[in-house]
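Just so it is clear, the values below take in all heavy atoms, side chains as well, and ignore hydrogens, waters and symmetry mates. Letters A, B, ... mirror the listed sequences (proteins, then strands); counts begin at 1. This is a predicted model, so every value here is computed, not measured.
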Amino acid sequence: MGCGASVATNTQGRRVETDELVKSPSPALTMKAAVLIQRWYRRYMARLEMRRRYTWNIFQSIEYAREQDQLQLSSFFTFMLDNFTQLNGNGPDLISQLLDPVVDPWLDRETCYSLIPVPETYTGPRLSFPLSVADTNALLSAFKEQQTLHAKYVLQLLYETKKLLKQMPNIIHLSTSYTKEITICGDLHGRFDDLLLIFYKNGLPSAETPYVFNGDFVDRGKKSTEVVILLFAYLLLYPDYMHLNRGNHEDHIMNLRYGFTKEVMQKYKTHGREILQLFQDIFSLLPIATVIDGKILIVHGGISDQTDLDFLSCIERYKVKSALRFPRCSLEQVDIGHSCREAKRMRSTDSLPSSSQSNSKNQRTPSQRKRRCGLSQHDRAASSSSSSSSSSSSLRSPRTPSCLSSHPCPTSPSMPDAGNILQVPFLDSLSSVPLPSAPQREREWRQLFPLLKIVDILWSDPKPQEGCSPNTFRGGGCYFGPDVTQRLLLRHGLQLLIRSHECKQEGYELCHGGQVITIFSASNYYEEGSNRGAYIKLGRELVPRFYQYQVSRTTRKLTLTQRVRAAEGSALRALKEKLFAHRSELMAGFQQYDRNNTGSMSVSEWAQVMESVLRLDLPWRTLRPHLTRLAPDGGVDYPSCFQDMGPGSHLSQVTPNLAETLFRYRTDIEIIFNIIDKDHSGLISIEEFRHTWRLFSAHLGVNIDDRAINDLARSIDFNKDGSIDFTEFLEAFRVVHKLDNKDQQLNGKMDGEKYS
Amino acid sequence: MAENKQSAVSDAHKKIKAAFEAFDYKSNNTVDVREIGTIIYSLGCFPTQKDLHDFIAEVEEDRAGFIHISKFLPAMTKVLLENRFPPIPEERLFQAFEVLDKEKKGYLEREELSNYMTKEGEPFTQVEMDEMMAALTIDEKAHISYKDLFGLLTS
């Protein structure tokens, strides 16, 4: 501060010399002015930082909530499979075809793609196998120019990839002694621009530039097909220098919800289903882990305290088609429909025996253990409000906490003995696996166990606290603490765990005292400017070096303020849509605090309701000004939460209850319609619509009477020709933000696509 | 009266906890001491750097580099209830710019602003200076309209 004064004098002196006519303020005043401006600036930056942080929170919370919703959808598919009667004779075959296809012998024959004609007018790459650098270069330039690879070549490429992957072990061992440096990339999620940027900065895959891509190549981004085709092409070209790990999105059921299935169907109208079937097989054939120099373990999600690399190298990984469905054979003895209802009545959960028990014992003691799942605030809130009467609450994962995890849970004495039945937590309900005979039990267990080991590898997240607990946030895998990491590294003589699976601001993050690195390669994941992407380079000394980047979609560089504002706007829109979709529950909650219907309540009460209904761990008090107005008495004007939003188009026949359910499950319904619509006409028959809707609402436990559905169906059938344009139908249940100006509307639309 | 005070305290507690949690990365009720400024500003306060240093000295854990909620909460509650770092009216910010604009040009040269901010008052670090520059649209002549800067800071 002392310096300031003397400099000011100098400055002042100079000014006096140059312009004696100007009356200069005193040095003290100048200093005060400077301090004032600095204070304002620092405050401004601090507030910007806070906004950025809670924007990030919103995106992450909603993302995790969506992943939980995903589990619902899968359980619905199972429900449909088991309970379908007929759907124009297309029903069960159609759905099981997509969800659980039997290996089509036709697809395994080499000639299946060679019979597909490629028209003269096709100007895209014509690949020749075995692939050469010319082919991969052709793919690169074609994709840069927005071309689509012809289905014939896609099928051929996939077929070759499948052949190659079949020969690979579960765990790939690499060595740095023959190569310069290995580059390790994280999630790409269909961001082709990020892949291009990595290749541009770091070099194309080659003997000098080997790569490991750590899973999640597809879903969410718009160019998943291009990303994965290019990665597979390099895999075929350089099987020794290109290595791919499986991620949790390399899973056909995840793909149904997060966009890859839709993208493939849109780009490949005729051969989409065959292509998807091949992808399904290929995904399950991807290696699940890579080890470098016996010292560095790379897996997509993480580990659990049950992870054992030796065990993992032996299992039949291809049997695990999806983390969200058990292998078909083990379902034959399972009556899921019955046990769903059973579970809802019992409201109990159970855990699976630990590996040591199952391997050594044939007799399973019928002791049941209550699972105390989840250390997150979610579960505490959920368990206290689990008696809420909301009809759809039973299916949201946190309320009946159950996870697909190999991690056993602590005992509690209060569980009744349910007899000689193995209660296997399956998504959000219990599957009763009857245990008639010991050998059969063994077989069942042996079939289920590897599934869970792989789920751990693909879904787990590190946490700061010690221990290992089921990852209720995601509904699969574990949260593993630094002690779990330490033990695993010691057990296998490793020094570092590299994983991905979580978006990080800077593209990478260290934790567990530097023993775990998260690497994430999709920049701007939530929104333009939300985060950087990064990759790791590893040389012989095995010290990781991080390289960051960020794809910029606009030519004009956005300032930090503009980026934060854009991201914030996007996050708030997504959050508001959640509010809208839960309107009746929220209003019911609000009215409990406002019995006199004054239309206002304190901020604390408002925050309380938001937290307990939406179960998103967000700073509600900070967000309040963005979500509601203040009432004249200074309290929160809670009805204003819903004021600025409305439906995409007007449907007169729809009761509020039905409308809200449709809003909430819009994405799921869209997926189901897409499955039913075999010929991609965009139309389904009224009968199919009614049938599907009836099943879906029965499964959700939502009380929508038949008449309402019939009325709805008839009102949507605008042409009165017995078929429904479901795009129009879904348009009605898209949330529109009334206050958006045109630009924001456009952004909102893009976001809608991103999240669907 | 006592009830009002009670609810004011509990409101303050809730606000402070929420802000604190946003920076508690390890979920162990501590934050890095370098984030304290951000937290305090976000709670609506306008401390000077000296104010911050003094506050930190009160609550830091034996110079260990982090601050525990058990010390932060009572200290910060007092700050809020006493309004110890009150906000500065916007007009004074504008006047501050006018003071610095000695030649009454209506704008500040980039050099000029940079000099003031890095050499006067409670100087910016180079990082802070670079960030401020990046946040502004500076025309080719490197003139910074302080009306724009004022608008940014008060938005």
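In this structure, CG on Leu36(A) lies 6.0 Å from CG on Leu93(B), to the nearest 0.5 angstrom. Interatomic distance, Met117(B) CE to Tyr41(A) OH, rounded to the nearest 0.5 Å: 11.0 Å.
For Glu98(B), there are no salt bridge (Lys or Arg N to Asp or Glu O under 4.0 Å) partners, not counting sequence neighbours. The ring pair (Phe, Tyr, Trp, His ring centres under 6.0 Å) check on Trp620(A) picks up nothing, with sequence neighbours excluded. Remark: Asp101(B) pairs with Lys105(B) by the salt bridge (Lys or Arg N to Asp or Glu O under 4.0 Å) rule, at least two apart or across chains.
Contacts between Gln95(B) and chain A at a heavy-atom distance below 4.5 Å are absent for every atom of the residue. With a 4.5 angstrom heavy-atom cutoff, Phe150(B) does not touch chain A via any of its atoms. With a 4.5 Å cut-off on non-hydrogen atoms, Ser10(B) does not touch chain A at all. For Pro47(B), the part lying under 4.5 angstrom from a heavy atom of chain A is the backbone only.
Counting heavy atoms of neighbouring residues, nucleotides and ligands inside a 6.0 Å radius, atom CD of Glu82(B) exceeds 12 of them. By the 6.0 Å contact criterion, NZ on Lys78(B) is open, its count of non-hydrogen atoms from other residues, nucleotides or ligands being 12 or less. Surrounding NZ of Lys504(A) are more than 12 heavy atoms belonging to other residues, nucleotides or ligands, all under 6.0 Å away.
Annotation for Arg621(A) and Asp11(B): closest pair NH2-OD1, 3.3 Å, computed over non-hydrogen atoms. Closest approach of Val35(A) to Thr48(B), counting heavy atoms only: CG1-CG2, 4.4 Å. Nearest approach of Leu100(B) to Ile37(A), heavy atoms of both residues: CD1-CD1, 3.4 Å.
For chain A, the option among Lys17(B), Arg92(B), Met132(B) with the highest count of heavy-atom pairs below 4.5 Å is Met132(B). Put simply, of Lys32(A), Arg51(A), Arg39(A), Met50(A), the one with the most heavy-atom pairs under 4.5 Å next to chain B is Arg39(A). For the set Arg53(A), Glu49(A), Arg42(A), the entry with the most heavy-atom pairs within less than 4.5 Å of chain B is Arg42(A).
Residues of residues 32-46 of chain B lying under 4.5 angstrom from chain A, judged on non-hydrogen atoms, are Glu35(B), Thr38(B), Tyr41(B), Ser42(B), Cys45(B), Phe46(B) by number.
Screening Leu153(B), Leu152(B), Leu149(B) for a side-chain contact (heavy atoms from CB on, under 4.5 Å) involving Trp40(A) leaves a single residue, Leu153(B).
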Taking it one step at a time, do Gln38(A) and Gln49(B) satisfy side-chain contact (heavy atoms from CB on, under 4.5 Å)? CA-CA 9 Å; Gln38(A) 285 152 348; Gln49(B) 296 293 81; over 6 Å; no

